[in-house]
Amino acid sequence: HIEGDDPNGVRVVSRPGDWTGVAISFRRSDFGKAAKLPELAAAGVYLLWSTNPEIKVYVGQSGNVGERLKSHHTNKDFWTHAVAFTAPYGTLNTGHIEWLENELYEHFRQTTSFKLENQQSTKKSMMSRADKGSAGEFLQRITQTMPFAGFHLLENDADTASDETLSTTFNDDTIIV
């Protein structure tokens with residue numbers, strides 16, 4: 001669903017049929033509204049980005065994404081937009097979120113179209129085969145949900161991405177609530 005009247009404001013995207021996760025997308029200027037959402041108090045991964053003048057991306061993870069984003073709101077100036085991917089308490093453990101962060105970080109590190117803002121590399125978590133399967137499925141849902149949350153930097157050519165691009169195509173199994 002969209003919080004408030006602005007379709008480019010705070011968005012909460014879920015796929016209740018096949019995913020326990022949720023995506024929360026917002027502009028930096030809407031951080032105060034987003035910070036009040038209970039979904040941000042959960043464990044997960046997040047992306048901070050800006051496309052002006054160059055595309056910059058920061059990949060992070062936390063046991064409480066909302067608290068971590070409060071710190072970034074104060075201490076990281078480059079970003080204009082954020083998207084967080086969280087799940088209800090207990091769904092994602094530390095191994096899951098470290099693995100997810102590393103997979104996203106490695107993707108952006110290998111993409112020369114983006115400037116990665118992370119100051120240090122992430123660590124790849126050791127997990128059981130079952131946990132890795134669960135985390136891999138969560139990552140697949142993240143990449144499928146990103147366009148609906150307003151993050152289009154993984155689509156097509158990064159040179160065509162902009163902060164205000166909105167997705168106009170929907171999959172049958174994705175619902176904006």
Side-chain angles (χ1 to χ4, degrees), residues 1-4 7-28 30-31 33-49 57-73 79 81-108 118 122-155 161 165-177:
H1 75 252
I2 297 171
E3 297 288 319
N8 293 317
V10 178
R11 290 184 247 179
V12 179
V13 181
S14 67
R15 295 172 54 135
D18 66 350
W19 188 41
T20 59
V22 63
I24 305 102
S25 175
F26 56 93
R27 295 178 298 215
R28 185 185 185 117
D30 291 324
F31 175 73
K33 292 177 193 171
K36 295 176 184 174
L37 296 174
E39 293 90 348
L40 276 184
V45 294
Y46 57 90
L47 303 168
L48 306 176
W49 79 92
V57 178
Y58 178 90
V59 181
Q61 58 86 10
S62 178
N64 183 325
V65 172
E67 287 300 314
R68 188 70 175 133
L69 289 174
K70 283 179 190 174
S71 171
H72 291 328
H73 187 257
W79 64 281
H81 289 73
V83 61
F85 300 93
T86 65
Y89 181 75
T91 304
L92 294 174
N93 62 36
T94 301
H96 290 131
I97 60 176
E98 286 177 353
W99 186 88
L100 290 165
E101 177 191 38
N102 181 263
E103 290 295 311
L104 291 166
Y105 173 86
E106 287 300 320
H107 171 80
F108 288 111
N118 295 62
T122 59
K123 61 182 177 181
K124 189 142 191 156
S125 183
M126 298 299 293
M127 294 189 297
S128 69
R129 191 173 299 209
D131 277 345
K132 192 171 183 178
S134 295
E137 187 173 314
F138 199 89
L139 179 62
Q140 181 180 18
R141 297 298 183 248
I142 285 174
T143 58
Q144 292 169 346
T145 306
M146 281 181 178
F148 303 104
F151 188 87
H152 298 275
L153 300 182
L154 294 179
E155 296 178 347
T165 305
L166 290 175
S167 177
T168 56
T169 58
F170 291 84
N171 294 331
D172 291 337
D173 60 349
T174 301
I175 301 170
I176 298 180
V177 204

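When a residue number appears, it is its place in the shown sequence, counting from 1.
- Of all the heavy atoms in Ala23 and Val83, the pair that sits closest is CB-CG2, 4.4 Å.
- A pairwise comparison of heavy atoms in Ala42 and Ala87 identifies CB-O, 3.1 Å as the closest pair.
- For Ala34, the side-chain contact (heavy atoms from CB on, under 4.5 Å) test picks out Val10, Phe26, Leu40, with sequence neighbours left out.
- The two atoms that bring Asp18 and Glu137 nearest to each other are O-OE2, 4.3 Å, heavy atoms only.
- Scored by the side chain to side chain donor-acceptor pair (under 3.5 Å) test, Thr94 finds no partners at all (sequence neighbours excluded).
- Residues Thr20 and Pro88 have side chains in contact (heavy-atom distance under 4.5 Å, counting atoms from C-beta outward).
- In this structure, the side-chain contact (heavy atoms from CB on, under 4.5 Å) partners of Asn93, at least two apart in sequence or on a different chain, are His96, Asp131.
- Shown here are the ring-ring contact (aromatic ring centres under 6.0 Å, His included) partners of His73, two or more places apart in sequence or in another chain: Phe31.
- Interatomic distance, Ile142 CD1 to Leu47 CG, rounded to the nearest 0.5 Å: 8.0 Å.
- The two atoms that bring Leu92 and Gly44 nearest to each other are CD1-CA, 4.1 Å, heavy atoms only.
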Show me, pair by pair, the donor-acceptor contacts under 3.5 angstrom made by side chains of residues 59-68, not counting sequence neighbours?
| residue | atom | partner | partner atom | Å |
| --- | --- | --- | --- | --- |
| Ser62 | OG | Asn64 | N | 3.0 |
| Ser62 | OG | Asn64 | O | 3.0 |
| Asn64 | OD1 | Gly66 | N | 3.3 |
| Asn64 | OD1 | Glu67 | N | 3.1 |
| Glu67 | OE2 | Lys70 | NZ | 3.1 |

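- For the atom pair CD1 (Ile24) and CG (Asp30), the distance works out to 14.0 Å, reported to the nearest 0.5 Å.
- Shown here for Ala135 and Met127, the closest heavy-atom pair between the two residues is CB-CE, 3.9 Å.
- Residue His72 comes nearest to Trp79 through the heavy atom pair O-NE1, 3.4 Å, listed as atom of the first residue, atom of the second, then distance.
- For Thr122, the side-chain contact (heavy atoms from CB on, under 4.5 Å) partners are Glu101, Asn102, Tyr105, not counting sequence neighbours.
- Qualifying ring-ring contact (aromatic ring centres under 6.0 Å, His included) partners for Trp19, counting only residues two or more places apart in sequence or in other chains: Phe138.
- With a 4.5 Å cut-off on side-chain heavy atoms, Thr86 and Tyr46 do not count as touching.
- With contacts defined as side-chain heavy-atom distances shorter than 4.5 Å, the pair Phe85/Leu100 does not qualify.
- No side-chain heavy atom of Val22 sits less than 4.5 Å from a side-chain heavy atom of Thr145.
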